[in-house]
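Shown next, in structure tokens, is the structure this report addresses.
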Amino acid sequence: MTWWAIDVRTAPERRERTSAWLVAHSGHTVEERDDGTLVTFAEDEPAATALIAALAVAEGAPVDAEWRPLESVDWSTRWREGLGSRQFGRLTVRPSWIADEDDPDATTVVLDPENAFGSGEHGSTRAALVLLERHLRPGDRVLDLGSGSGILTIAAAKLGAARAIGIDNDSEANVVALRNADRNAVRGRVEFLEGDATDLTCLLAPADLVLSNILRTVNVFLLPAIAAVLRPGGLGIFSGMEVVESALFRPALAAVGLVVRDEVEDAGWWAVAAARP
């Protein structure tokens, strides 16, 4: 079989949504290159052309994309090559396919993102992990909105959260997250719920720390609910935004009474920790 690579170029503010669409409809992981190009794979040329045609319908406009044949290899797993362990302060994140001890220690997250977002390789996830490691306090009650592979929820448990609850509207992502929770022996301290964060967040109050690694527009929409669920002195960690979007997000934080405490940049992505006084 000759596999085909599909290169998709889109505006920065649309990349995360387009990437999620490609994962859902191709069944394969999407790589984001340094120049912002999204790369996914198809089994043959008709599948590649059909995927781009469907994306154009979803976007409501023509798509800037190209596809090309590849050598005959298993591209459903080839993307793993070159990925290794990453360190975030006390926390280590490593892929499940890297040989290591059978039982991960208290500060190692063993992860296989499969078809869910969140591998520790994306700048937005890395920035969120840095802030989580800095600011989570043992015993915290944590909510993770748009939890994807469960990486942030599981990391919170590894860092000492008493309870960490992930919320995602993708049932398949939650299945992946639960498998990762089992890999890390934290199933008793984490939970993954399917549904809309705006509907579920208010039912889970109060929270000491809320994670939201989503698009800026979604973060802004969720801000009132997040501010309401945080206990006084609680912290929200917001990621999924490019550095250029920081000037747009700061006023939204101030509008709901959250005060910036810390921020991180990683490969053009920006994350911010803001507290409820």
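Side chains included, hydrogens not; waters and symmetry mates left out as well; all remaining heavy atoms used.
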Problem set entry | Leu223/Phe249 under side chain to side chain contact (heavy atoms under 4.5 Å, CB included): CA gap, chis, key distance, verdict | CA-CA 10 Å; Leu223 272 174; Phe249 194 63; 3.8 Å; yes

For this session: Locate the shortest heavy-atom distance separating Pro12 from Glu242; write the atom from each residue and the value.
Result: CB-OE2, 2.8 Å

Seminar exercise, completed: Rounded to the nearest 0.5 angstrom, the CD1-CZ distance for Ile226 and Arg276 is 13.0 Å

Exercise. Tell me, do Leu22 and Leu51 make a side-chain contact under 4.5 Å, heavy atoms counted?
Worked result: yes

For this session: Not counting sequence neighbours, which residues clear salt bridge (charged side-chain N to carboxylate O under 4.0 Å, His left out) with Arg137? List them please.
Result: Asp140

Problem set entry | Under 3.5 Å donor-acceptor, Glu133 side chain and His135 backbone | no

Problem set entry | Close side-chain approach of Asn174 and Ser147, heavy atoms under 4.5 Å | yes

Exercise. Between Asn180 (side chain) and Leu111 (backbone), is there a donor-acceptor pair under 3.5 Å?
Worked result: no

Exercise. Do Thr37 and Asp7 get their side chains close enough for a donor-acceptor pair, meaning under 3.5 Å?
Worked result: no

Exercise. Mind checking whether Trp269 and Arg126 have side chains closer than 4.5 Å, heavy atoms only?
Worked result: no

Exercise. Given the rule in the side chain to side chain contact (heavy atoms under 4.5 Å, CB included) test, do Leu204 and Ile167 qualify, once you have shown the distances and angles that lead to the verdict?
Worked result: CA-CA 11 Å; Leu204 302 171; Ile167 302 173; 3.8 Å; yes

For this session: Quick one: closest heavy-atom pair of Trp4 and Ala48, and the distance?
Result: CB-CB, 4.4 Å

Exercise. Does Arg15 offer a backbone N or O that forms a donor-acceptor pair with the side chain of Ser19 under 3.5 Å?
Worked result: no

Exercise. With no hydrogens and no angle check, is any side-chain donor or acceptor of Arg189 less than 3.5 Å from a backbone partner on Ala161?
Worked result: yes

Exercise. Any side-chain heavy-atom pair from Leu209 and Leu132 closer than 4.5 angstrom?
Worked result: yes

For this session: Calculate, to the nearest 0.5 Å, the distance between atoms CG and CD belonging to Leu178 and Glu191 respectively.
Result: 9.5 Å

For this session: State, to 0.1 Å, how close Ala273 and Ile237 come at their nearest heavy-atom pair, and which atoms those are.
Result: CB-CG1, 4.2 Å

Exercise. Going by heavy atoms in the side chains, are Val8 and Thr40 under 4.5 Å from each other?
Worked result: no

Seminar exercise, completed: On a heavy-atom basis, the closest approach of Phe192 and Ala181 is CE1-CB, 4.2 Å

For this session: Name all residues meeting the salt bridge (charged side-chain N to carboxylate O under 4.0 Å, His left out) criterion together with Arg250; count only those two or more places apart in sequence or in a different chain, and write none if there are none.
Result: Glu263

Exercise. Is the closest side-chain heavy-atom distance between Ser246 and Val272 below 4.5 Å?
Worked result: no

Exercise. Linking I/L/V/M/F/W/Y whenever their side-chain heavy atoms sit closer than 4.5 Å, directly or via other members, would Val260 and Val220 fall into one cluster?
Worked result: yes

Exercise. Under a 4.5 Å side-chain heavy-atom rule over Ile, Leu, Val, Met, Phe, Trp and Tyr, are Phe221 and Leu143 clustered together?
Worked result: yes

For this session: Could you check if a side-chain atom of Leu152 sits within less than 4.5 angstrom of a side-chain atom of Asn213, using non-hydrogen atoms only?
Result: yes

Seminar exercise, completed: The complete set of salt bridge (charged side-chain N to carboxylate O under 4.0 Å, His left out) pairs with one or both residues in residues 204-218, sequence neighbours excluded, reads Asp208-Arg231, Arg216-Glu245

Exercise. Under 3.5 Å, is there a donor-acceptor pair linking the side chains of Glu13 and Thr217?
Worked result: no

Exercise. Taking all atoms of both residues into account, what is the closest heavy-atom pair of Leu258 and Ala274, and its distance?
Worked result: CB-CB, 3.9 Å

For this session: Output the distance between atom CD (Glu16) and atom OG1 (Thr10), rounded to the nearest 0.5 Å.
Result: 12.5 Å

Problem set entry | Worked check of side chain to side chain contact (heavy atoms under 4.5 Å, CB included) between Met241 and Leu248 | CA-CA 10 Å; Met241 298 170 283; Leu248 299 172; over 6 Å; no

For this session: Flag yes if Val259 and Leu131 sit in one hydrophobic cluster, no otherwise; membership is Ile, Leu, Val, Met, Phe, Trp, Tyr, and two members link when side-chain heavy atoms are under 4.5 Å apart.
Result: no

Exercise. Roughly how far apart are Ile151 CD1 and Asp144 CG, rounded to 0.5 Å?
Worked result: 10.0 Å

Exercise. Salt-bridged, Asp35 to Arg9, with N to O below 4.0 Å?
Worked result: no

Exercise. Can you name the nearest heavy-atom pair linking Asn219 to Ser212, along with the distance?
Worked result: OD1-OG, 2.5 Å

Problem set entry | Val109 side chain reached by Asn184 side chain, heavy atoms, under 4.5 Å | yes

Exercise. Roughly how far, to the nearest 0.5 Å, is the CD1 atom of Ile52 from the CH2 atom of Trp67?
Worked result: 6.0 Å

Exercise. Does the Ser239 side chain pair with the main chain of Ser124, one donor and one acceptor, at a distance under 3.5 Å?
Worked result: yes

Exercise. At what distance, to the nearest 0.5 angstrom, does CG of Leu38 lie from CH2 of Trp21?
Worked result: 12.0 Å

